[in-house]
Amino acid sequence: MKGSDGNEVLIGFSPPMKITKELIERVAGDMEVSFEELEKFAALGAERVFAQGDYLFHESAPRRWFGIVLRGKINLQRGLAGRNVTIACLSEGAVIGESLFIDDLDHSVSGLALEEAHVWAIPKESIEVFKNEKPEIYYHIVRRAARRTSARLRETTEMLLHAEHQRSDITDYRREHDSLGDREVSNAHYYGVQTMRAMENFTFSGVKLSHYQHLVNAFAYVKKAAATANSILGVLDPKIAEAICAACDRILAGEFHEHFAVDMVQGGAGTSSNMNANEVIANVALEIMGHRKGEYQYCHPNDHVNCSQSTNDAYPTAVKIAVVDATHETVSALKVLRKSFEEKAEEFADVIKMGRTENQDAVPMTLGQEFAAYGVMVNDGIRRLERVSEELLVVNMGATAIGTGLNSPRGYAALCTRKINELSGLHVKLAHNLVEATQDAGDFAEMSSGLKVTAIQISKICNDLRWGSSGPRCGLGEINLPPMQPGSSIMPGKVNPVIPEVVNQICYQIIGSDLTVSMAAEASEFELNMAEPIMTYNLLSSLMLLKNAAIVLSTRCVNGITANRERCADYVKNSIGIVTALNPTLGYEKSASIAKEALATGASVYDLVLEKRWISKAQLDDLLSPEKMANPLLSE
């Protein structure tokens, strides 16, 4: 069974599933079609299995299939720029991709398997055939899909109206104080005075913590784990700990993210981000306990939410969790791109073309070999990112200020790390030397380097796609990229390779970000690195860009590439490079003379060798067989 990335998915002890009569009856009733109609339609499908964490489809990608959930839970979520919103959670019997019957637009949401998911999937191509063969059933399903879409629009309108009624009015303020003095804070905000000061001081990127959902959630994991550990060890009132944990749960459910309002680019080694989290969690916890925002005597951002912690351990731990979670999404997208290249490698396996070295004719190969190599490059990136992300799971939680564990109880570091493990589902490990782990940012630099090398490889691929498709009349023209948009405001009919171009530029950005991370990692002085915020910003940004680039390159470019078989064959036929295959028979000197003469006269290598009668026509045909030259090591 294959998952979304094309790899075999282990189903454990679960046997392959079939769509049952009972499920067809249930879905038929929901879709308002007869059992017989839906049974005929379902016969076009087959089971697909997606492992936990796999994406069934990505937002902005073309719709490929209609499906019925057989088992498992699938999260529908929207958002490509670091933060997503859950739209719905699908379970057994739910229908996926009804809009395929109404329009040809791309997916407006992504589908993520929250657990192993089995789906009965009917390909778009089969639906087109069914439309022609059974139009009365097809259009019955279309009418139902249109009615369901209309109902969802009404539900969305009601949700928007409800949200309008729930908006907070800024009518009153509370006074908060820190070591610099008192400030008024609007009661519409869950953050407090220290966050407000940071928002005034750091107005550089316009990208707030809330932009990166994984980072907000990671803070919730860290603070909940710390509260739980502190309660168990007797240094935090269980009732306060319970309220803090409940507040963190609400943040993990998607609430209050907009109150994580500090700019990602900031001074203070992440203190502003940590205090933003502390203040929001404290004020949510206060309301859960029946108190008002700012009544910190009952739950204080520092004394309670930040108990046994320092920014210097809580912040980098949260960042590492966020980067690892973001890496999982990026790797999933890269697997989609790898699969696209692998499928094209199979499609182009019989297309003979000239290989090129230093932009000069080399020796023949197949277009399939070229695309297979691209798939291997992408897979290298996947393996690299998976390996370096594992290194990030070594954290310094419990180090407090500089790694000595000052102000934390005995056993806290190990217990808190174990709780983070349980909450996040990641294999987080406590560093052996907390002093080293607090000041050394080498693991961030290694992660950035992995992203850089992956970007370099993908950018090289995009260079080849642009050159290979150059033309249409005066370029190489070996492949055709799918036309995406008009390419000029002055030259009619021009179409540019915009997808490889934008992916090239994204790769340049990632490569440049690596230099920033490298310099920031080097900036560590004595027991702390003050530049962790800029590393965080660049790592999360690069992961987001690479993820989106992989999906767009796959769905809007690679999947639609076609080969100009005749032009590829003509290049091979007229190339001087094929003379290389004659070296073992004629020797280098004679082969070089043939190449020189062919270049000077315009005659073909084949004709010149026959003219000189150095070898027989049969032997020459065998030596210069393009298929044999492309696969010289295959046994006959």
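- Of the charged side-chain nitrogens involved, none lies within less than 4.0 Å of a carboxylate oxygen, so that Asp54 and Lys335 do not count as a salt-bridged pair.
- Between Tyr138 and Phe130, the distance separating the two ring centers is not shorter than 6.0 angstrom.
- Residues Cys89 and Leu114 form a side-chain contact, since some pair of their non-hydrogen atoms from C-beta on lies under 4.5 Å apart.
- When atom types are taken as modelled, the side chain of Glu370 and the backbone of Thr366 share no donor-acceptor pair closer than 3.5 angstrom.
- For Glu386 and His328, the side-chain atoms include no donor-acceptor pair closer than 3.5 Å.
- Annotation: side chain of Ile96 is not in contact with side chain of Phe66 (no heavy-atom distance under 4.5 Å).
- Other residues, nucleotides and ligands place no more than 12 heavy atoms under 6.0 Å from the CD atom of Glu242.
- A side-chain donor-acceptor contact under 3.5 Å links Trp120 to the backbone of Ala42.
- Across all non-hydrogen atoms, the minimal contact from Ala51 to Ala113 is O-CB, 3.5 Å.
- Scanning all heavy atoms of the two residues, the minimum distance from Val216 to Ser210 falls at CG2-CA, 4.0 Å.
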Inset, instruction - Using the side-chain hydrogen bond (donor to acceptor under 3.5 Å, both in side chains) rule, take His427 and Glu390 through it: C-alpha gap first, then chi angles, then the decisive distance, then the call. - result: CA-CA 8 Å; His427 300 296; Glu390 285 294 317; over 6 Å; no

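- At distances below 3.5 Å, at least one donor-acceptor pair connects side-chain atoms of Lys344 with backbone N or O atoms of Ile561.
- Of the N and O atoms on the side chains of Asp106 and Ser60, not one donor lies less than 3.5 Å from an acceptor on the other residue.
- Asn217 places a side-chain heavy atom less than 4.5 Å from the side chain of Gln213.
- Looking only at distances, a side-chain donor or acceptor of Asp514 sits under 3.5 Å from a matching main-chain atom of Ser449.
- Across all their heavy atoms, Met377 and Lys460 have their closest contact at CE-CE, 3.7 Å.
- A side-chain N or O of Glu47 and one of His118 form a donor-acceptor pair less than 3.5 Å apart.
- Remark: side-chain polar atoms of Arg78 are paired, donor with acceptor, to backbone N or O of Ser108 under 3.5 angstrom.
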Inset, instruction - Show your working on side chain to side chain contact (heavy atoms under 4.5 Å, CB included) between Ser273 and Phe219 and close with a plain yes or no. - result: CA-CA 9 Å; Ser273 296; Phe219 269 118; 4.0 Å; yes

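- Using a 4.5 Å heavy-atom threshold, the side chains of Lys134 and Val129 count as separate.
- Across all non-hydrogen atoms, the minimal contact from Cys462 to Leu553 is SG-CD2, 4.0 Å.
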Legend entry - Residues Asn480, Asn564; criterion side-chain hydrogen bond (donor to acceptor under 3.5 Å, both in side chains); working and verdict: CA-CA 7 Å; Asn480 304 303; Asn564 286 328; 2.9 Å; yes

Inset, instruction - Check step by step if side chain to side chain contact (heavy atoms under 4.5 Å, CB included) holds for Arg556 and Ile551. - result: CA-CA 8 Å; Arg556 294 183 177 272; Ile551 292 300; over 6 Å; no

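- Contact check for Tyr221 versus Leu252: side-chain heavy atoms found under the 4.5 Å cut-off.
- Leu543 pairs with exactly one of Thr330, Asn548, Asp325 by the side-chain contact (heavy atoms from CB on, under 4.5 Å) rule, that one being Thr330.
- A donor-acceptor pair under 3.5 Å is formed between the side chain of Thr454 and the backbone N or O of Gly450.
- Ring pair Tyr55/His58 is parallel by interplanar angle, where below 30° counts as parallel and above 60° as perpendicular.
- Rounded to the nearest 0.5 Å, atoms OG (Ser513) and CG (Leu546) are 11.5 Å apart.
- A salt bridge does not link Arg384 to Asp380: none of the charged side-chain nitrogens sits closer than 4.0 Å to a carboxylate oxygen.
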Inset, instruction - Before giving the answer on side chain to side chain contact (heavy atoms under 4.5 Å, CB included), spell out for His107 and Arg64 the whole-Å C-alpha distance, their side-chain angles and the decisive distance to 0.1 Å. - result: CA-CA 9 Å; His107 283 292; Arg64 300 294 186 192; over 6 Å; no

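- For the residue pair Val336 and Ser554, the shortest heavy atom distance occurs at CG1-OG, 3.5 Å.
- Side-chain contact between Ile87 and Gln77: absent, with no pair of heavy atoms (C-beta onward) separated by less than 4.5 Å.
- By the side-chain hydrogen bond (donor to acceptor under 3.5 Å, both in side chains) test, Asn504 pairs with Ser459, Asn463, Arg466, sequence neighbours left out.
- Put simply, CD on Glu133 and CD on Glu128 are 12.0 Å apart, with the number rounded to the nearest 0.5 Å.
- Salt bridge annotation for Glu92-Lys73: absent, with no cationic side-chain nitrogen under 4.0 angstrom from a carboxylate oxygen.
- Tyr374 and Gln457 form no side-chain donor-acceptor contact under 3.5 Å, judged by distance and modelled atom types alone.
- Judged by distance alone, with hydrogens and angles left aside, the side-chain atoms of Ser340 form no donor-acceptor pair with the main-chain N or O of Val558 at under 3.5 Å.
- Expressed to the nearest 0.5 Å, how far CG of Leu209 lies from CG of Leu215 amounts to 6.0 Å.
- The main-chain N or O of Glu391 is never found under 3.5 Å from a side-chain atom of Asp443 such that the two would form a donor-acceptor pair.
- The side-chain heavy atoms of Leu70 and Val119, taken from C-beta on, include no pair separated by under 4.5 Å.
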Inset, instruction - Determine, step by step, whether Val109 and Glu59 satisfy the side chain to side chain contact (heavy atoms under 4.5 Å, CB included) criterion, reporting the C-alpha distance in whole Å, the side-chain angles of both residues, the deciding distance to 0.1 Å, and the verdict. - result: CA-CA 4 Å; Val109 297; Glu59 181 181 340; 5.6 Å; no

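- Between Phe57 and Trp65, the ring planes lie perpendicular to each other; the angle is over 60°, past the 30° to 60° tilted range.
- Inter-residue side-chain proximity for Leu385 and Met447 is flagged as met; some heavy-atom pair is nearer than 4.5 Å.
- Here the shortest heavy-atom pairing between Ala550 and Leu334 reads CB-CD2, 3.9 Å.
- Of the possible donor and acceptor atoms, none in the side chain of Ser99 sits under 3.5 Å from a partner among the backbone N and O of Ile102.
- For Phe101 and Phe41, the distance between ring centers is under 6.0 angstrom.
- With values rounded to the nearest 0.5 angstrom, Glu255 atom CD is found 8.5 Å from Tyr190 atom OH.
- Between atom NZ of residue Lys131 and atom OG of residue Ser126 there is a gap of 14.5 Å, rounded to the nearest 0.5 Å.
- One N or O on the side chain of Thr228 and one on the backbone of Lys224 form a donor-acceptor pair closer than 3.5 Å.
- Considering CD1 of Ile511 and NZ of Lys452, their distance stands at 8.0 Å, rounded to 0.5 Å.
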